[in-house]
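Data first, discussion second: the structure below is written as structure tokens.
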Amino acid sequence: MIFHPASRTRRMGFSGMASIDRTAAGLDKHLDDDYHWFRSIGPGGIDVIDAIVVGPGGTWTLTVAGERGRFARRNGHWYRWNRSTESWVPWDASPITAARLAGRRLSLYLERAGLPAAVEAILVPPTEMEVIVDAGEAFGLTVQRDLGRVGSLVGAESRLSQSQVDRIVALLDPRQPLPRLAQATPRG
């Protein structure tokens, strides 16, 4: 995997950066140099996204966040297991929402640039977080802690051509030279 430097420098680090770096190291074992890794990037003024992976398998946003506990999605609503009452209580699923919105924001940004806008969002939760979702409920996000499985998801099938990957990488990292487009007409 090819690593691109973060778009923003931070004077003070925070605990999430160590998680992002561990995620990058784990994925690097499963993806080859056809894939590009961007950390802590906010292209075009959008909110900063923890990580973006671009390659032949598509464009993926990775959010490394979460809370301690057990969480479940049932009938379109999120619940948290309350150990003191031993029951499920309603939960504001802010880590889930943040991960889904990261994918959506990047999708809109790529669409405005005229590039393939299909973006898959992945939440990589901490080990203290368990997310339970019924198989029939789709909520626009993959929750996966195992980096081997994340690597398999990202590299499962080819969705982008090499020129599409190059253009997305050039858009996300302005230091990269922009690949030339094919001419519409001979000598034109």
Side-chain angles (χ1 to χ4, degrees), residues 1 3 6-8 10 12-31 35 37-43 46-55 57-110 117-157 159:
M1 203 164 48
F3 295 93
S7 65
R8 297 171 44 168
R10 299 183 192 268
M12 300 181 126
F14 61 93
S15 61
M17 283 301 162
S19 297
I20 292 291
D21 293 338
R22 280 193 300 272
T23 304
L27 275 181
D28 188 35
K29 297 174 186 174
H30 301 284
L31 299 174
Y35 288 86
W37 171 272
F38 297 90
R39 176 182 66 118
S40 190
I41 181 170
I46 65 175
D47 289 343
V48 175
I49 298 169
D50 286 350
I52 298 172
V53 176
V54 179
T59 306
W60 301 76
T61 60
L62 281 80
T63 303
V64 179
E67 301 174 15
R68 291 181 139 187
R70 290 176 52 201
F71 307 94
R73 181 174 169 90
R74 294 193 178 124
N75 300 324
H77 300 284
W78 285 99
Y79 299 94
R80 175 186 193 128
W81 180 253
N82 187 338
R83 292 185 338 199
S84 63
T85 62
E86 294 191 11
S87 63
W88 292 100
V89 295
W91 175 58
D92 177 25
S94 56
I96 304 288
T97 303
R100 288 181 61 222
L101 288 177
R104 181 68 179 142
R105 283 192 308 269
L106 182 60
S107 175
L108 291 173
Y109 179 69
L110 293 174
V119 175
E120 300 286 332
I122 298 177
L123 174 66
V124 182
T127 56
E128 304 88 23
M129 182 177 185
E130 179 184 1
V131 179
I132 304 164
V133 179
D134 292 333
E137 284 211 54
F139 60 102
L141 177 69
T142 301
V143 179
Q144 185 58 253
R145 178 179 305 114
D146 181 15
L147 296 177
R149 289 186 181 165
V150 171
S152 295
L153 283 171
V154 171
E157 61 182 87
R159 298 178 185 172

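Computed from a predicted structure; not experimentally measured. Every heavy atom of this structure was used, including side-chain atoms; hydrogens, water molecules and symmetry mates were not.
Scored by the side chain to side chain donor-acceptor pair (under 3.5 Å) test, Arg73 finds Glu137 as partners (sequence neighbours excluded). Remark: Glu157 pairs with Arg159 by the salt bridge (charged side-chain N to carboxylate O under 4.0 Å, His left out) rule, at least two apart or across chains. Thr127 pairs by the side chain to side chain donor-acceptor pair (under 3.5 Å) definition with nothing, not counting sequence neighbours. Among residues two or more places apart in sequence or in another chain, the side chain to side chain contact (heavy atoms under 4.5 Å, CB included) test is passed with Ile132 by Arg70, Ala72, Trp88, Glu130. Partners of Ser84 by side chain to side chain contact (heavy atoms under 4.5 Å, CB included), not counting sequence neighbours, listed by chain and number: Asn82. Checked against ring pair (Phe, Tyr, Trp, His ring centres under 6.0 Å), Phe71 has the following partners two or more places apart in sequence or in another chain: Trp91. For Arg80, the side chain to side chain donor-acceptor pair (under 3.5 Å) partners two or more places apart in sequence, or in a different chain, are Glu67. By the side chain to side chain contact (heavy atoms under 4.5 Å, CB included) test, Ala24 is found to be paired with Phe3, Trp37, residues two or more places apart in sequence or in another chain being considered. Listed by chain and residue number, Ile49, Thr61, Thr63, Arg105 satisfy the side chain to side chain contact (heavy atoms under 4.5 Å, CB included) test with Ala102 (two or more places apart in sequence, or in another chain). By the salt bridge (charged side-chain N to carboxylate O under 4.0 Å, His left out) test, Arg74 pairs with no residue at all, sequence neighbours left out.
Between Val150 and Ile122, the closest side-chain pair of non-hydrogen atoms falls below 4.5 Å. Within the 4.5 Å cutoff, the side chain of Tyr35 has no heavy atoms near those of the Val54 side chain. Annotation: side chain of Trp60 is not in contact with side chain of Leu106 (no heavy-atom distance under 4.5 Å). Within the 4.5 Å cutoff, the side chain of Leu27 has heavy atoms near those of the Leu62 side chain. Counting only heavy atoms from C-beta outward, the side chains of Tyr79 and Val89 never approach each other to under 4.5 Å.
Residue Asp28 holds its CG atom at 5.0 Å from CE of Met1, rounded to the nearest 0.5 Å. Interatomic distance, Ile52 CD1 to Ser40 OG, rounded to the nearest 0.5 Å: 10.0 Å.
Glu128 CD: more than 12 foreign heavy atoms inside a 6.0 Å radius. Within 6.0 Å of atom CG in Asp134, more than 12 heavy atoms from other residues, nucleotides or ligands are found, so the atom counts as buried in its surroundings.
A distance-only check finds no donor-acceptor pair linking the side chain of Thr59 to the backbone of Val119 [under 3.5 Å]. Looking only at distances, a side-chain donor or acceptor of Thr97 sits under 3.5 Å from a matching main-chain atom of Ala93.
The two residues Ala65 and Pro126 have their closest heavy-atom pair at O-CD, 3.3 Å. Across all their heavy atoms, Leu110 and Ala117 have their closest contact at CB-CA, 4.2 Å. The two residues Gly140 and Ala121 make their nearest non-hydrogen contact at O-CB, 4.4 Å.
Applying the side-chain hydrogen bond (donor to acceptor under 3.5 Å, both in side chains) test to residues at least two apart or on different chains, none of the pairs has a partner in residues 139-155.
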Test side chain to side chain contact (heavy atoms under 4.5 Å, CB included) applied to Val48 and Ile41, step by step
CA-CA 5 Å; Val48 175; Ile41 181 170; 6.0 Å; no
